[in-house]
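Let me begin by presenting the structure, written as structure tokens, before commenting on it.
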Amino acid sequence: MTLLDPGMDLTLRPMRYPDFYEQYRAAIRNTWTVEEVDLASDLADLAKFTDAERHLINRLVAFFATGDTIVANNLVLNLYKHVNSPEGRLYLSRQLFEEAVHVQFYLTLLDTYLPDPEDRAKAFAAVEHIPSIKEKADFCFRWIDSIDRLDALRSREDRKAFLLNLICFAACIEGLFFYGAFAYVYWLRSRGLLDGLATGTNWVFRDESCHMNFAFSVVDVVRREEPELFDDALTESVSRMLDEAVACELQFAEDLIGSGLPGMTVPDMKSYLEYVADQRLARLGMPTRYGAKNPFGFMALQDVQELTNFFERRPTAYQVAVSGTVDLDEDF
Ligand SMILES: [Fe+2]
Ligand SMILES: [Fe+2]
């Protein structure tokens, strides 16, 4: 039996994929709650924002309003159905909880930042009405729909279609759209702004890194079990998909920062997205294609910090680590 064979395997002993179980246990150790994040302190910063900064943050909030719900929907509708391993499904159950916490965090953010109920409703409607957000949402919906009708992965083509959906959500959505959005948050933090948002983002960022790593470990298992699925056509489809995701995120950047803000310009964001896209391709064992460098020093620090936290965290230690990172501004 292989991981993508249709069915509902129930056997945990002997365990076929102990690494999935270890990832589940590691995720449990990283539990956090929205109540631990103090967003009230951000309000004084928001009151001082320029129009351009206000536009940036409103767009970000509008993206966050629905982003994690879309990810959670694909998890339930597609990933859970086809990853046929009870320990793999344990991880996905835990991930689903984390996505729920993210949805709650961004709802709380939106309620705090946007006191006017009409503005809140507009943020949720952004997937329909704001072109730069609609384009990203449509990209996600297209990939959700691409395997919507597959009730089981019977053929080689079915399995390749599933792999593309899995890779899309890990590499393009959690691993690129969210990374792009986090870059704006850390850029604000590097200027001493919105510490509350940055604190919650630290935790969401770490969760997203783990979700992506789990998905890539599923890809690794499938590659080991069914190497014939990883042909040139699959590599070609992944490259095209990442190109499209970078383009989506770039038009979002043009909307958010237009002619640029100090230390955060569209060309910088383009380099950053291409750098991240190359990292995703490399992790998938596929040829990189952009050769871009990471222009954002504040994001390079973030990656290191996330790894450190991941391996060192105990519930109290992490909180100390977070207040430490918020004070890191001098080092930037
Ligand atoms: Fe999430
Ligand atoms: Fe996620």
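Atom set for the values below is all heavy atoms of this structure, side chains included, hydrogens, waters and symmetry mates excluded. The model shown is predicted, which means the values in this text are computed figures rather than measured ones. Read the numbers this way: they start at 1 and go in the same order the structure lists the ligands and their atoms.
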How are the rings of F63 and F177 set to each other: parallel, tilted or perpendicular (split at 30° and 60°)? perpendicular
Nearby protein N/O/S atoms (those under 2.8 Å) for the Fe ion (ligand 2), with water ignored: E99 OE2, E174 OE2, E208 OE1, H211 ND1
Is the ring centre of Y24 less than 6.0 Å from the ring centre of F214? no
When clusters are formed by joining ILVMFWY residues with side-chain heavy atoms under 4.5 Å apart, either directly or through shared neighbours, do V61 and V103 land in the same one? no
Is the shortest distance from a Lys or Arg side-chain nitrogen in D19 or R16 to a carboxylate oxygen in the other one below 4.0 Å? no
Kindly work out whether a path of hydrophobic side-chain contacts (I/L/V/M/F/W/Y, heavy atoms less than 4.5 Å apart) joins Y17 to M1. no
Indicate yes or no for a side-chain donor-acceptor contact from N84 to the backbone of D9 under 3.5 Å, with no hydrogens or angles considered. yes
